[in-house]
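For reference, the structure is listed below as C-alpha coordinates.
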Amino acid sequence: MSLFTLQHQDAHSQARAGILQTAHGQIETPIFMPVGTQGTVKSLNAFQLHQIGSQIILGNTYHLYLRPGIDTFLSSQGLHKFQNWNKPILTDSGGFQVFSLQKIRKITEEGVSFQSHIDGSKHFFSPRSVMNIQRHIGADIMMAFDECTPYPCDYAYAKQSLKKTHRWLDECIQDNVANQPLYGYEQLFFPIVQGSVFADLRKESCLYVAEKNQVGYAIGGLSVGEDEQTMYEMTNLCCEHLPTNKPRYLMGVGTPKNILNCIELGIDMFDCVMPTRNGRNGMLFTTQGIINITNQKWKNDFSPIDEGLTNAPLSLHYSKSYLRHLFMSNELLALQIASMQNLAFYLHLVKQARIQIVNNNFSSWKTNILDIITQRL
RNA sequence: GAGGUCGUAGCUCAGUUGGUAGAGCAUCGGAUUGUGGUUCCGAAUGUCGUGGGUUCGAUCCCCAUCGUCCUCC
(Lines give C-alpha, C1' and ligand atoms only; values in the text may rest on other atoms or scores of the structure.)
Protein backbone atom coordinates (compact mmCIF):
# COMPACT_ATOMS: atom_id res chain seq x y z
CA MET A 1 0.00 0.00 0.00
CA SER A 2 1.34 3.40 -1.00
CA LEU A 3 1.80 6.11 1.58
CA PHE A 4 0.51 8.67 -0.90
CA THR A 5 -3.10 8.63 -2.00
CA LEU A 6 -4.15 10.71 -4.96
CA GLN A 7 -7.68 11.69 -3.98
CA HIS A 8 -8.71 13.90 -6.82
CA GLN A 9 -7.43 15.06 -10.18
CA ASP A 10 -8.74 18.44 -11.34
CA ALA A 11 -10.89 18.09 -14.46
CA HIS A 12 -9.38 21.08 -16.28
CA SER A 13 -5.72 21.14 -15.25
CA GLN A 14 -2.95 18.99 -13.82
CA ALA A 15 -3.73 20.16 -10.27
CA ARG A 16 -4.24 17.34 -7.79
CA ALA A 17 -5.40 16.77 -4.22
CA GLY A 18 -3.84 13.99 -2.19
CA ILE A 19 -2.85 12.70 1.23
CA LEU A 20 0.64 11.71 2.30
CA GLN A 21 1.03 9.46 5.34
CA THR A 22 4.04 9.97 7.60
CA ALA A 23 5.10 8.68 11.00
CA HIS A 24 3.86 11.88 12.66
CA GLY A 25 0.57 12.19 10.83
CA GLN A 26 -0.86 12.80 7.43
CA ILE A 27 -0.42 15.78 5.12
CA GLU A 28 -3.16 17.00 2.84
CA THR A 29 -1.75 18.20 -0.49
CA PRO A 30 -1.22 20.60 -2.08
CA ILE A 31 0.62 21.94 0.94
CA PHE A 32 2.97 24.73 1.90
CA MET A 33 5.65 23.85 4.46
CA PRO A 34 6.92 26.65 6.75
CA VAL A 35 10.71 26.78 6.92
CA GLY A 36 12.25 26.25 10.35
CA THR A 37 15.93 26.09 9.52
CA GLN A 38 17.42 25.93 12.98
CA GLY A 39 14.75 23.97 14.79
CA THR A 40 12.36 26.92 14.93
CA VAL A 41 10.15 28.74 12.49
CA LYS A 42 11.61 32.12 13.25
CA SER A 43 9.63 34.09 15.85
CA LEU A 44 6.77 31.56 16.12
CA ASN A 45 6.18 28.86 18.73
CA ALA A 46 4.56 25.44 18.24
CA PHE A 47 1.15 26.58 19.49
CA GLN A 48 1.05 29.36 16.90
CA LEU A 49 2.12 26.97 14.15
CA HIS A 50 -0.76 24.67 15.06
CA GLN A 51 -3.10 27.65 15.19
CA ILE A 52 -2.38 28.74 11.63
CA GLY A 53 -2.80 25.17 10.37
CA SER A 54 0.78 24.02 9.73
CA GLN A 55 0.75 20.34 8.80
CA ILE A 56 4.50 19.92 8.38
CA ILE A 57 7.56 22.12 8.86
CA LEU A 58 11.14 22.05 7.61
CA GLY A 59 14.44 21.71 9.39
CA ASN A 60 17.88 22.05 7.85
CA THR A 61 20.56 19.37 8.02
CA TYR A 62 23.46 21.78 7.51
CA HIS A 63 22.42 24.18 10.25
CA LEU A 64 21.28 21.57 12.77
CA TYR A 65 24.44 19.52 12.26
CA LEU A 66 26.63 22.54 13.04
CA ARG A 67 24.43 23.60 15.94
CA PRO A 68 23.38 21.99 18.24
CA GLY A 69 24.98 18.90 16.64
CA ILE A 70 23.81 15.31 16.26
CA ASP A 71 24.68 14.27 19.82
CA THR A 72 21.98 16.59 21.08
CA PHE A 73 19.41 14.89 18.89
CA LEU A 74 20.48 11.45 20.05
CA SER A 75 20.07 12.62 23.64
CA SER A 76 16.70 14.24 23.04
CA GLN A 77 15.44 11.34 20.90
CA GLY A 78 15.11 13.49 17.81
CA LEU A 79 14.16 16.97 16.67
CA HIS A 80 10.41 16.56 17.26
CA LYS A 81 10.79 16.21 21.03
CA PHE A 82 13.65 18.70 21.14
CA GLN A 83 11.57 21.49 19.61
CA ASN A 84 8.17 20.34 20.91
CA TRP A 85 6.66 19.69 17.49
CA ASN A 86 4.63 16.49 17.16
CA LYS A 87 3.65 16.77 13.50
CA PRO A 88 5.78 15.86 10.48
CA ILE A 89 9.21 17.38 9.82
CA LEU A 90 11.08 17.39 6.51
CA THR A 91 14.81 18.08 6.52
CA ASP A 92 16.58 19.70 3.64
CA SER A 93 19.82 17.84 3.09
CA GLY A 94 22.09 20.86 3.33
CA GLY A 95 23.10 20.62 -0.30
CA PHE A 96 21.73 24.08 -0.95
CA GLN A 97 23.66 25.65 1.95
CA VAL A 98 26.91 23.94 1.10
CA PHE A 99 26.69 25.23 -2.43
CA SER A 100 25.44 28.69 -1.59
CA LEU A 101 28.51 29.26 0.61
CA GLN A 102 30.69 29.31 -2.46
CA LYS A 103 33.75 30.92 -0.94
CA ILE A 104 34.45 28.25 1.61
CA ARG A 105 33.70 24.93 -0.03
CA LYS A 106 35.44 22.32 -2.12
CA ILE A 107 33.56 19.74 -4.14
CA THR A 108 35.00 16.33 -4.85
CA GLU A 109 33.39 13.25 -6.29
CA GLU A 110 32.98 11.89 -2.77
CA GLY A 111 31.30 14.93 -1.30
CA VAL A 112 31.88 18.50 -0.17
CA SER A 113 34.36 19.87 2.33
CA PHE A 114 33.44 23.21 3.78
CA GLN A 115 34.04 25.55 6.68
CA SER A 116 31.43 26.36 9.28
CA HIS A 117 29.95 29.83 8.91
CA ILE A 118 29.76 29.91 12.71
CA ASP A 119 33.31 29.22 13.84
CA GLY A 120 35.28 28.40 10.69
CA SER A 121 35.77 24.76 11.69
CA LYS A 122 36.27 22.30 8.84
CA HIS A 123 33.68 19.67 7.93
CA PHE A 124 32.91 17.15 5.22
CA PHE A 125 29.52 16.13 3.85
CA SER A 126 29.05 12.98 1.82
CA PRO A 127 25.77 11.33 0.82
CA ARG A 128 26.19 8.82 3.64
CA SER A 129 27.12 11.35 6.31
CA VAL A 130 24.15 13.52 5.39
CA MET A 131 21.81 10.52 5.64
CA ASN A 132 23.31 9.72 9.03
CA ILE A 133 22.65 13.26 10.25
CA GLN A 134 19.06 13.12 9.02
CA ARG A 135 18.58 9.84 10.88
CA HIS A 136 19.80 11.49 14.05
CA ILE A 137 17.49 14.45 13.51
CA GLY A 138 14.66 11.98 12.99
CA ALA A 139 12.98 13.70 10.06
CA ASP A 140 9.77 12.15 8.70
CA ILE A 141 11.00 13.02 5.22
CA MET A 142 14.72 13.01 4.45
CA MET A 143 16.06 14.66 1.32
CA ALA A 144 18.80 13.41 -0.95
CA PHE A 145 22.19 15.13 -0.86
CA ASP A 146 22.38 16.93 -4.19
CA GLU A 147 24.18 19.72 -5.94
CA CYS A 148 21.86 22.65 -6.46
CA THR A 149 23.20 23.61 -9.88
CA PRO A 150 24.01 27.31 -9.98
CA TYR A 151 22.37 29.57 -12.52
CA PRO A 152 23.38 30.43 -15.12
CA CYS A 153 25.53 27.47 -16.01
CA ASP A 154 26.51 25.92 -19.33
CA TYR A 155 25.22 22.59 -20.57
CA ALA A 156 28.44 20.72 -19.91
CA TYR A 157 28.55 21.76 -16.28
CA ALA A 158 24.86 21.00 -15.77
CA LYS A 159 25.31 17.54 -17.25
CA GLN A 160 28.33 16.76 -15.13
CA SER A 161 26.64 18.14 -12.02
CA LEU A 162 23.54 16.04 -12.69
CA LYS A 163 25.66 12.94 -13.06
CA LYS A 164 27.19 13.59 -9.65
CA THR A 165 23.79 14.25 -8.08
CA HIS A 166 22.55 10.93 -9.45
CA ARG A 167 25.58 9.04 -8.15
CA TRP A 168 25.12 10.66 -4.75
CA LEU A 169 21.46 9.67 -4.87
CA ASP A 170 22.42 6.03 -5.29
CA GLU A 171 24.72 6.27 -2.30
CA CYS A 172 21.98 7.87 -0.21
CA ILE A 173 19.62 5.04 -1.07
CA GLN A 174 22.23 2.36 -0.34
CA ASP A 175 22.86 3.96 3.00
CA ASN A 176 19.15 4.22 3.73
CA VAL A 177 18.59 0.56 2.95
CA ALA A 178 21.55 -0.53 5.08
CA ASN A 179 20.56 1.41 8.19
CA GLN A 180 17.59 1.41 10.54
CA PRO A 181 15.89 4.53 11.86
CA LEU A 182 17.10 5.47 15.36
CA TYR A 183 13.81 6.31 17.03
CA GLY A 184 11.51 3.48 16.00
CA TYR A 185 9.44 5.15 13.30
CA GLU A 186 9.72 5.10 9.53
CA GLN A 187 11.58 7.89 7.72
CA LEU A 188 10.67 8.57 4.10
CA PHE A 189 13.27 9.54 1.51
CA PHE A 190 12.82 11.89 -1.44
CA PRO A 191 15.28 11.98 -4.37
CA ILE A 192 15.85 15.35 -6.03
CA VAL A 193 15.61 16.11 -9.75
CA GLN A 194 18.23 18.50 -11.16
CA GLY A 195 19.26 19.41 -14.72
CA SER A 196 19.26 23.22 -14.63
CA VAL A 197 17.19 24.73 -17.49
CA PHE A 198 17.98 22.01 -20.03
CA ALA A 199 14.93 20.01 -21.05
CA ASP A 200 16.74 16.79 -21.94
CA LEU A 201 18.68 16.79 -18.66
CA ARG A 202 15.53 17.42 -16.66
CA LYS A 203 13.76 14.60 -18.41
CA GLU A 204 16.72 12.27 -17.93
CA SER A 205 16.79 13.16 -14.23
CA CYS A 206 13.06 12.55 -13.78
CA LEU A 207 13.32 9.12 -15.36
CA TYR A 208 16.41 8.32 -13.30
CA VAL A 209 14.89 9.19 -9.94
CA ALA A 210 11.52 7.62 -10.78
CA GLU A 211 13.22 4.24 -11.12
CA LYS A 212 14.26 4.42 -7.49
CA ASN A 213 10.67 3.83 -6.49
CA GLN A 214 10.61 6.13 -3.49
CA VAL A 215 7.53 7.60 -1.75
CA GLY A 216 7.94 11.05 -3.30
CA TYR A 217 10.18 13.18 -5.49
CA ALA A 218 11.53 16.69 -5.32
CA ILE A 219 12.42 19.17 -8.02
CA GLY A 220 15.43 21.28 -7.12
CA GLY A 221 17.55 23.92 -8.77
CA LEU A 222 14.69 26.14 -9.89
CA SER A 223 13.87 29.71 -8.94
CA VAL A 224 17.58 30.38 -8.67
CA GLY A 225 17.66 33.34 -11.06
CA GLU A 226 16.11 32.01 -14.27
CA ASP A 227 13.11 33.89 -15.61
CA GLU A 228 9.66 32.94 -14.41
CA GLN A 229 8.52 31.40 -17.68
CA THR A 230 11.52 29.09 -17.80
CA MET A 231 10.81 28.01 -14.24
CA TYR A 232 7.24 27.07 -15.24
CA GLU A 233 8.43 25.24 -18.35
CA MET A 234 10.90 23.16 -16.37
CA THR A 235 8.33 22.45 -13.66
CA ASN A 236 5.80 21.38 -16.25
CA LEU A 237 8.33 19.16 -17.95
CA CYS A 238 9.21 17.45 -14.67
CA CYS A 239 5.55 16.89 -13.82
CA GLU A 240 5.09 15.21 -17.18
CA HIS A 241 7.89 12.76 -16.53
CA LEU A 242 7.51 12.03 -12.82
CA PRO A 243 5.05 9.31 -11.71
CA THR A 244 1.51 10.61 -11.29
CA ASN A 245 0.86 8.55 -8.19
CA LYS A 246 3.69 10.05 -6.13
CA PRO A 247 3.88 13.47 -4.47
CA ARG A 248 6.01 16.14 -6.18
CA TYR A 249 7.85 18.68 -4.09
CA LEU A 250 9.09 21.90 -5.74
CA MET A 251 11.90 23.09 -3.52
CA GLY A 252 12.23 26.69 -2.46
CA VAL A 253 9.27 28.08 -4.38
CA GLY A 254 7.93 30.70 -4.07
CA THR A 255 5.60 33.64 -4.38
CA PRO A 256 1.85 33.05 -3.97
CA LYS A 257 1.58 33.38 -7.75
CA ASN A 258 4.38 30.83 -8.31
CA ILE A 259 2.69 28.39 -5.98
CA LEU A 260 -0.76 28.58 -7.59
CA ASN A 261 0.69 28.32 -11.07
CA CYS A 262 2.78 25.31 -10.10
CA ILE A 263 -0.13 23.60 -8.35
CA GLU A 264 -1.87 23.93 -11.68
CA LEU A 265 1.07 22.12 -13.30
CA GLY A 266 0.86 19.24 -10.84
CA ILE A 267 3.07 20.18 -7.88
CA ASP A 268 1.93 18.96 -4.45
CA MET A 269 4.42 20.37 -1.95
CA PHE A 270 6.21 23.70 -1.51
CA ASP A 271 8.52 25.43 0.90
CA CYS A 272 9.90 28.95 0.82
CA VAL A 273 11.49 31.44 3.16
CA MET A 274 9.61 34.28 1.51
CA PRO A 275 6.63 34.52 3.88
CA THR A 276 8.85 34.60 6.96
CA ARG A 277 11.86 36.50 5.65
CA ASN A 278 9.86 39.11 3.79
CA GLY A 279 7.48 39.32 6.73
CA ARG A 280 10.38 40.20 9.00
CA ASN A 281 11.17 43.05 6.63
CA GLY A 282 7.66 44.44 6.63
CA MET A 283 6.18 42.88 3.49
CA LEU A 284 2.77 41.36 4.16
CA PHE A 285 0.81 38.96 2.00
CA THR A 286 -2.88 39.47 2.68
CA THR A 287 -6.20 38.34 1.25
CA GLN A 288 -6.60 41.88 -0.11
CA GLY A 289 -3.17 42.23 -1.71
CA ILE A 290 0.45 42.97 -0.85
CA ILE A 291 1.31 45.54 1.79
CA ASN A 292 4.60 47.14 2.77
CA ILE A 293 3.56 47.88 6.31
CA THR A 294 6.38 50.36 6.86
CA ASN A 295 4.93 52.68 4.22
CA GLN A 296 3.77 55.96 5.64
CA LYS A 297 0.23 55.49 4.32
CA TRP A 298 -0.53 52.93 7.03
CA LYS A 299 0.37 55.27 9.84
CA ASN A 300 -3.22 56.15 10.62
CA ASP A 301 -4.93 53.01 9.34
CA PHE A 302 -6.48 51.38 12.37
CA SER A 303 -8.22 48.58 10.47
CA PRO A 304 -7.20 44.95 11.21
CA ILE A 305 -4.11 43.67 9.42
CA ASP A 306 -6.18 41.09 7.53
CA GLU A 307 -9.84 40.44 8.24
CA GLY A 308 -9.99 37.68 5.64
CA LEU A 309 -7.90 35.16 7.57
CA THR A 310 -9.68 33.07 10.17
CA ASN A 311 -6.48 31.20 11.04
CA ALA A 312 -4.52 34.29 12.05
CA PRO A 313 -6.01 35.74 15.24
CA LEU A 314 -3.18 38.24 15.67
CA SER A 315 -4.11 39.76 12.31
CA LEU A 316 -7.69 40.25 13.43
CA HIS A 317 -6.84 41.89 16.73
CA TYR A 318 -3.93 44.13 15.77
CA SER A 319 -4.22 47.10 13.42
CA LYS A 320 -2.02 48.08 10.50
CA SER A 321 -1.13 51.30 12.30
CA TYR A 322 0.03 49.40 15.37
CA LEU A 323 2.05 46.88 13.36
CA ARG A 324 3.73 49.75 11.49
CA HIS A 325 4.60 51.31 14.81
CA LEU A 326 6.15 48.03 16.00
CA PHE A 327 8.27 47.85 12.84
CA MET A 328 9.36 51.47 13.05
CA SER A 329 10.34 50.88 16.67
CA ASN A 330 12.18 47.62 15.93
CA GLU A 331 10.00 45.77 18.39
CA LEU A 332 10.19 41.97 18.45
CA LEU A 333 6.42 41.55 18.37
CA ALA A 334 6.46 42.97 14.82
CA LEU A 335 8.35 39.91 13.57
CA GLN A 336 5.91 37.55 15.19
CA ILE A 337 2.76 39.23 13.93
CA ALA A 338 4.11 39.58 10.39
CA SER A 339 5.44 36.02 10.23
CA MET A 340 2.14 34.67 11.49
CA GLN A 341 0.17 36.75 9.00
CA ASN A 342 2.23 35.60 6.03
CA LEU A 343 2.35 31.93 6.96
CA ALA A 344 -1.36 31.94 7.78
CA PHE A 345 -1.99 33.49 4.37
CA TYR A 346 0.13 30.90 2.53
CA LEU A 347 -1.56 28.03 4.38
CA HIS A 348 -4.99 29.53 3.79
CA LEU A 349 -4.16 29.88 0.11
CA VAL A 350 -3.15 26.24 -0.43
CA LYS A 351 -6.13 25.07 1.62
CA GLN A 352 -8.49 27.02 -0.64
CA ALA A 353 -6.63 25.65 -3.66
CA ARG A 354 -7.31 22.12 -2.45
CA ILE A 355 -11.03 22.82 -2.08
CA GLN A 356 -11.17 24.29 -5.57
CA ILE A 357 -9.35 21.27 -7.02
CA VAL A 358 -11.83 18.90 -5.44
CA ASN A 359 -14.62 21.02 -6.96
CA ASN A 360 -12.97 20.93 -10.42
CA ASN A 361 -12.82 24.70 -10.37
CA PHE A 362 -9.14 25.37 -9.76
CA SER A 363 -8.08 27.30 -12.85
CA SER A 364 -10.90 29.83 -12.94
CA TRP A 365 -10.57 30.36 -9.20
CA LYS A 366 -6.82 30.84 -9.60
CA THR A 367 -7.24 33.52 -12.26
CA ASN A 368 -9.63 35.49 -10.09
CA ILE A 369 -7.75 35.18 -6.84
CA LEU A 370 -4.41 36.14 -8.43
CA ASP A 371 -5.86 39.46 -9.56
CA ILE A 372 -6.64 40.27 -5.96
CA ILE A 373 -3.70 38.92 -3.99
CA THR A 374 -0.93 40.14 -6.29
CA GLN A 375 -2.04 43.76 -6.32
CA ARG A 376 -0.01 46.21 -4.27
CA LEU A 377 -1.98 48.16 -1.73
C1' G B 1 31.79 93.33 32.80
C1' A B 2 36.43 90.77 30.44
C1' G B 3 38.59 86.72 27.72
C1' G B 4 37.74 82.32 25.15
C1' U B 5 34.57 78.41 22.70
C1' C B 6 31.09 76.65 19.52
C1' G B 7 26.80 77.68 16.01
C1' U B 8 26.80 73.27 8.93
C1' A B 9 20.59 68.26 6.83
C1' G B 10 15.24 66.40 11.61
C1' C B 11 19.57 64.59 15.24
C1' U B 12 25.08 63.84 16.14
C1' C B 13 29.02 65.76 13.70
C1' A B 14 32.89 65.96 9.29
C1' G B 15 34.79 69.42 5.78
C1' U B 16 36.66 73.27 2.59
C1' U B 17 45.12 76.22 3.29
C1' G B 18 38.43 80.96 -0.16
C1' G B 19 35.55 78.11 -6.01
C1' U B 20 27.76 77.77 -2.93
C1' A B 21 29.04 71.13 1.14
C1' G B 22 29.40 65.44 3.12
C1' A B 23 28.87 60.92 6.70
C1' G B 24 26.16 58.08 10.34
C1' C B 25 21.42 57.84 12.38
C1' A B 26 16.35 59.26 11.38
C1' U B 27 12.79 59.92 7.16
C1' C B 28 10.83 58.19 2.28
C1' G B 29 10.74 54.20 -1.49
C1' G B 30 12.31 49.46 -3.55
C1' A B 31 14.42 44.42 -3.18
C1' U B 32 14.13 39.58 -0.79
C1' U B 33 12.24 32.25 -3.69
C1' G B 34 15.48 24.21 -0.51
C1' U B 35 16.96 31.48 5.62
C1' G B 36 24.57 33.03 7.56
C1' G B 37 18.34 36.35 12.92
C1' U B 38 17.19 43.29 12.01
C1' U B 39 20.03 42.52 5.61
C1' C B 40 20.78 44.87 0.68
C1' C B 41 19.86 48.94 -2.89
C1' G B 42 18.14 53.72 -3.95
C1' A B 43 16.03 58.77 -2.97
C1' A B 44 14.90 63.40 -0.70
C1' U B 45 16.70 67.14 2.67
C1' G B 46 20.68 72.60 3.91
C1' U B 47 19.55 80.55 1.85
C1' C B 48 26.79 76.39 6.27
C1' G B 49 23.19 81.42 13.14
C1' U B 50 22.11 86.73 11.30
C1' G B 51 23.83 91.47 9.00
C1' G B 52 27.75 93.90 6.81
C1' G B 53 32.98 94.10 4.72
C1' U B 54 37.35 92.27 1.75
C1' U B 55 37.45 89.40 -2.90
C1' C B 56 36.14 87.86 -9.65
C1' G B 57 34.11 84.56 -5.88
C1' A B 58 32.97 83.79 1.40
C1' U B 59 30.35 78.25 4.87
C1' C B 60 35.82 79.34 5.33
C1' C B 61 39.20 85.71 6.13
C1' C B 62 37.66 90.60 8.79
C1' C B 63 33.87 93.52 11.65
C1' A B 64 29.35 93.69 14.12
C1' U B 65 25.34 91.14 16.21
C1' C B 66 22.35 87.07 18.38
C1' G B 67 22.59 82.42 20.79
C1' U B 68 25.70 78.45 23.40
C1' C B 69 29.07 76.71 26.80
C1' C B 70 33.61 77.65 29.77
C1' U B 71 37.00 80.64 32.67
C1' C B 72 38.03 85.05 35.30
C1' C B 73 36.37 89.66 37.87
Side-chain angles (χ1 to χ4, degrees), chain A residues 32-44 57-64 66-67 90-105 114-120 130 134 139 141-151 165 190-194 217-228 231-232 235 249-259 261-262 267 269-285 290-299 324 326-336 338-339 342-343 346 376:
Chain A
F32 178 80
M33 306 182 282
V35 178
T37 305
Q38 311 204 60
T40 168
V41 176
K42 294 185 194 302
S43 83
L44 299 186
I57 61 174
L58 259 66
N60 186 278
T61 301
Y62 170 87
H63 290 282
L64 293 172
L66 288 179
R67 191 169 50 192
L90 178 151
T91 42
D92 181 23
S93 65
F96 184 83
Q97 281 64 40
V98 166
F99 290 102
S100 65
L101 304 172
Q102 296 195 356
K103 290 170 194 147
I104 49 176
R105 65 166 162 82
F114 61 95
Q115 278 185 273
S116 164
H117 69 278
I118 299 168
D119 61 8
V130 164
Q134 294 187 95
I141 302 174
M142 302 182 288
M143 299 305 299
F145 187 55
D146 65 333
E147 175 178 11
C148 183
T149 315
Y151 182 86
T165 287
F190 281 24
I192 302 174
V193 172
Q194 290 288 344
Y217 302 100
I219 301 164
L222 288 179
S223 219
V224 290
E226 80 283 9
D227 64 69
E228 200 174 340
M231 191 262 280
Y232 292 141
T235 300
Y249 163 28
L250 182 57
M251 305 183 78
V253 174
T255 64
K257 180 185 172 193
N258 290 159
I259 287 173
N261 283 332
C262 291
I267 298 293
M269 302 165 70
F270 301 88
D271 81 281
C272 190
V273 302
M274 186 172 278
T276 40
R277 178 190 285 165
N278 288 25
R280 290 197 302 277
N281 288 307
M283 180 177 178
L284 303 182
F285 298 97
I290 294 169
I291 289 175
N292 183 344
I293 198 64
T294 61
N295 285 5
Q296 193 171 41
K297 60 178 147 186
W298 308 113
K299 181 167 183 167
R324 178 177 192 271
L326 294 178
F327 267 104
M328 300 309 278
S329 311
N330 282 318
E331 283 291 343
L332 297 178
L333 184 58
L335 309 184
Q336 184 173 100
S339 296
N342 285 351
L343 284 178
Y346 267 63
R376 296 194 172 257

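Residue numbers begin at 1 in each chain, while the letters A, B, ... track the order of the sequences. All values below come from the heavy atoms of this structure, side chains included, with hydrogens, waters and symmetry mates left out.
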Length of the CE-C1' vector between A:Met33 and B:U35, whole Å: 15 Å

Interatomic distance at P, B:A43 relative to B:U38, whole Å: 25 Å

Nucleotide B:U33, atom P - distance to CG of A:Asn261 in whole Å: 19 Å

Sugar-phosphate only, base, or nothing, as touched by A:Leu222 at under 4.0 Å among non-hydrogen atoms: nothing

Touch class at under 4.0 angstrom, heavy-atom based, for A:Thr276 against every strand present: base

B:G29 phosphate, OP1 or OP2, under 4.0 Å from A:Arg376 side-chain N/O: no

Sugar-phosphate, base or nothing in reach of A:Met231, heavy atoms under 4.0 Å: nothing

5' precedence on RNA chain B between A:Met328 and A:Val41 (nearest-nucleotide basis): A:Met328

Rounded distance in Å - CZ (A:Phe270) to P (B:U35): 17 Å

Nearest-neighbour nucleotide for the A:His117 side chain, B:G34, B:G37, B:G36 considered: B:G36

Interatomic distance at P, B:C73 relative to B:G57, whole Å: 47 Å

Among B:A31, B:U27, B:U33, the nucleotide that comes nearest once only the side chain of A:Asn281 is considered: B:A31

G-U wobble or Watson-Crick pairing nucleotide for B:A58 (cut-off 3.5 Å, both distances): none

Sugar-phosphate only, base, or nothing, as touched by A:Asp271 at under 4.0 Å among non-hydrogen atoms: sugar-phosphate

Close side-chain approach of A:Met33 and A:Val35, heavy atoms under 4.5 Å: no

Rounded P spacing from B:A14 to B:U8 in Å: 11 Å

Rounded C1' spacing from B:G15 to B:U20 in Å: 14 Å

Per A:Arg324 side chain, nearest of listed nucleotides B:U38, B:G36, B:C28: B:C28

No-hydrogen, no-angle side-chain donor-acceptor test under 3.5 Å, A:Gln194 and A:Thr165: no

Heavy-atom side-chain proximity of A:Ile267 to A:Thr235 below 4.5 angstrom: yes

Touch class at under 4.0 angstrom, heavy-atom based, for A:Leu66 against every strand present: nothing

From OH (A:Tyr346) to OG1 (A:Thr276), nearest 0.5 Å: 9.0 Å

Nearest-Å distance for atom pair CG/C1', residues A:Asn342 and B:U32: 12 Å

Sugar-phosphate only, base, or nothing, as touched by A:Gly221 at under 4.0 Å among non-hydrogen atoms: base

Complementary nucleotide for B:G37 - Watson-Crick or wobble, under 3.5 Å: none

Spacing of the C1' atoms in B:U68 and B:C56 (rounded, Å): 36 Å

side-chain N/O A:Asn295 vs B:G29 OP1/OP2, d < 4.0 Å: yes

Whole-angstrom distance between B:C66 and B:A26, as gauged at atom P: 39 Å

Base partner of B:A2, which must satisfy Watson-Crick or wobble distances under 3.5 Å: B:U71

Touch class at under 4.0 angstrom, heavy-atom based, for A:Glu228 against every strand present: nothing

Between B:U33 (C1') and A:Tyr346 (OH): distance, integer Å: 8 Å

Listed nucleotide nearest any side-chain atom of A:Cys272, set B:U35, B:C28, B:U33: B:U33

Sugar-phosphate, base or nothing in reach of A:Arg67, heavy atoms under 4.0 Å: nothing

C1' atoms of B:C11 and B:G30, separation to the nearest Å: 25 Å

A:Ile290 side chain reached by A:Leu284 side chain, heavy atoms, under 4.5 Å: no

Gap between atoms CD and C1', on A:Gln336 and B:G37 respectively (whole Å): 15 Å

Touch class at under 4.0 angstrom, heavy-atom based, for A:Ile192 against every strand present: base

Which nucleotide in B:U33, B:U38, B:G36 has an atom nearest any side-chain atom of A:His63: B:G36

Close side-chain approach of A:Thr255 and A:Met274, heavy atoms under 4.5 Å: yes

Any-strand Watson-Crick or G-U partner of B:A23, both distances under 3.5 Å: B:U12

Close aromatic pair by centroid cut-off 6.0 Å: A:Phe32 and A:Phe270: no

Polar pair under 3.5 Å, donor/acceptor by atom type, side chain A:Arg280, base B:U38: no

Close side-chain approach of A:Asp146 and A:Phe96, heavy atoms under 4.5 Å: no

Inter-nucleotide P distance (B:G3, B:A21), Å rounded: 36 Å

Residue-phosphate contact under 4.0 Å: A:Asn60 side-chain N/O, B:U35 OP1/OP2: yes

Pairwise 5' ranking along RNA chain B for A:Asn278 and A:Asn330, keeping only the more 5' one: A:Asn278

Sugar-phosphate only, base, or nothing, as touched by A:Asp146 at under 4.0 Å among non-hydrogen atoms: base

Side-chain N,O (A:Gln296) to OP1/OP2 (B:G29) below 4.0 Å: no

Interatomic distance where CE belongs to A:Met269 and C1' belongs to B:U33 [whole Å]: 17 Å

A:Met251 vs A:Asp92 side-chain heavy atoms within contact, under 4.5 Å: yes

Strand partner of B:G51, provided both Watson-Crick or wobble distances fall under 3.5 Å: B:C63

Nearest-neighbour nucleotide for the A:Ser93 side chain, B:G34, B:U32, B:C28 considered: B:G34

Whole angstrom value for the distance that separates C1' of B:U33 from CD1 of A:Ile219: 15 Å

Below 4.0 Å: OP1/OP2 of B:G37 and any side-chain N or O of A:Gln38: yes

